[in-house]
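Here the structure is a predicted model, which is why all the values come from computation and not from measurement. Quick note: numbers below take in every heavy atom, side chains included, and nothing from hydrogens, waters or symmetry partners. For reference, positions follow the sequence shown, starting with 1.
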Amino acid sequence: MALKATIFKAKVQISDMDRDYYAEHPLTLARHPSETDERMMVRLLAFAHNAAETLEFTRGLSSDEEADLWQKNLSGEIDLWIEVGLPTEERIRKACNRSKRVIVYSYGRRAAPIWWQKQASQLERFDNLTVYHLAADATEQLAAMAERNMDLSATIQDGHIWLADSDNNAEITPQTWK
């Protein structure tokens, strides 16, 4: 019997001073049975970092043809494609060909630096690609905040992201790899 996704609800108050974007987003996240709390919370962080009315979560792990998050314009073209984790060069290439901008949020204490070392030279040719790395300590703090119902505030200023709930506060500074 196939396992079903677990549904998480999050209300996120976003204050992005870098982009002058201020909004509250009621979000529904479906966590795939194979997805960890850490990965789900990195997806949530990626949403907060790029928040827009048209940014949306996709089927993610359930589909090879979709990003983890994307933003489409009114004609259905993909303006922003966001990947979380350590995608293959082939997946990133396809994303760069289908979207105006692609952002990868990599994380992982040991795996991410090895992944980047292997991928960096192949990915340099994509002008529409940005790769961020999130420190393992920060993503572990995010994972500890995962609850079925979350009330979060995200503050973004000078490249730093603070994500907080009533009991926890995590400061994340994405390191730009590309």
Side-chain angles (χ1 to χ4, degrees), residues 1-16 21 23-72 76 78-88 90-92 94-95 98-99 102-112 114-115 130-156 161-174:
M1 182 169 106
L3 297 173
K4 293 185 178 183
T6 304
I7 302 301
F8 288 76
K9 299 276 187 177
K11 182 174 75 174
V12 184
Q13 180 68 40
I14 299 170
S15 300
D16 187 340
Y21 181 86
E24 182 175 295
H25 290 271
L27 303 173
T28 301
L29 292 98
R31 190 183 76 198
H32 190 274
S34 67
E35 185 174 36
T36 63
D37 283 345
E38 183 178 31
R39 186 179 192 287
M40 179 190 70
M41 292 302 287
V42 170
R43 283 193 300 135
L44 183 69
L45 178 80
F47 182 92
H49 196 216
N50 299 280
E53 292 301 320
T54 55
L55 183 64
E56 60 186 16
F57 293 101
T58 67
R59 292 181 289 170
L61 290 174
S62 301
S63 173
D64 290 337
E65 298 301 316
E66 294 182 2
D68 289 308
L69 295 99
W70 62 22
Q71 183 176 359
K72 292 183 175 182
I78 303 168
D79 286 334
L80 176 60
W81 179 296
I82 299 175
E83 286 287 326
V84 170
L86 309 173
T88 64
E90 177 186 12
R91 184 165 175 82
I92 294 171
K94 285 181 184 178
R98 291 181 62 192
S99 177
V102 176
I103 301 175
V104 175
Y105 288 87
S106 70
Y107 66 96
R109 193 170 300 278
R110 291 178 208 78
I114 294 168
W115 168 82
T130 302
V131 178
Y132 292 117
H133 176 66
L134 307 175
D137 294 341
T139 58
E140 289 165 7
Q141 286 179 328
L142 289 177
M145 298 170 87
E147 305 263 338
R148 294 289 296 269
N149 290 296
M150 297 177 273
D151 193 357
L152 304 167
S153 64
T155 304
I156 302 165
I161 306 167
W162 290 270
L163 194 65
D165 63 16
S166 60
D167 299 323
N168 304 295
N169 187 350
E171 180 182 353
I172 301 96
T173 305

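One finds the CE atom of Met145 at 7.0 Å from the CG atom of Asn169 (value rounded to the nearest 0.5 Å). Here the straight-line distance linking atom CD of Gln141 with atom CD of Glu171 works out to 9.0 Å at 0.5 Å rounding. Atom OG1 of Thr58 sits about 6.5 Å away from atom CG of Leu69, to the nearest 0.5 Å. Remark: Phe47 CZ to Leu55 CG distance equals 5.0 Å, nearest 0.5 Å. Note: Leu80 CG to Lys72 NZ = 12.5 Å, rounded to the nearest 0.5 Å. Annotation: the span from Ser153 atom OG to Asp165 atom CG amounts to 8.5 Å, rounded to 0.5 Å.
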**OP:** Just do the side-chain contact (heavy atoms from CB on, under 4.5 Å) check on Tyr21 and Glu53 with the steps written out, would you?
**Re:** CA-CA 10 Å; Tyr21 181 86; Glu53 292 301 320; 3.5 Å; yes
**OP:** May I have the step-by-step check of side-chain contact (heavy atoms from CB on, under 4.5 Å) for Ile82 and Arg43, ending in yes or no?
**Re:** CA-CA 9 Å; Ile82 299 175; Arg43 283 193 300 135; over 6 Å; no
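Smallest separation of non-hydrogen atoms from Glu24 and Pro26: O-CD, 3.8 Å. Contact detail for Met40 and Ala146: the closest heavy-atom pair is CE-CB, 4.0 Å. The shortest non-hydrogen separation linking Trp70 to Arg98 is CZ3-NH2, 4.5 Å. Here the closest heavy-atom approach between residue Ile172 and residue Pro174 is recorded as O-CD, 3.5 Å. The two residues Ala112 and His133 have their closest heavy-atom pair at CB-CE1, 3.4 Å. When every heavy atom of Ala52 is checked against every heavy atom of Gln71, the shortest pair comes out as CB-NE2, 3.7 Å.
At distances below 3.5 Å, at least one donor-acceptor pair connects side-chain atoms of His32 with backbone N or O atoms of Ser34. Trp115 places no side-chain N or O within donor-acceptor distance of the main-chain N or O of Tyr107, the cut-off being under 3.5 Å. For Arg148 (side chain) and Ile7 (main-chain N/O), a donor-acceptor pair under 3.5 Å exists by modelled atom type.
The only member of Val84, Leu134, Val42, Leu86 that meets side chain to side chain contact (heavy atoms under 4.5 Å, CB included) when paired with Ser106 is Leu86.
Within the 4.5 Å cutoff, side-chain heavy atoms of Leu44 are placed close to those of Leu152. Between Tyr105 and Glu83 there is no side-chain heavy-atom pair separated by less than 4.5 Å.
Between Glu140 and Arg109, at least one side-chain N (NZ, or NE/NH1/NH2) sits under 4.0 Å from a carboxylate O, which counts as a salt bridge.
Taking the six-membered ring where tryptophan is involved, the planes of His49 and Tyr132 are perpendicular, since the angle between them exceeds 60° and thus also 30°.
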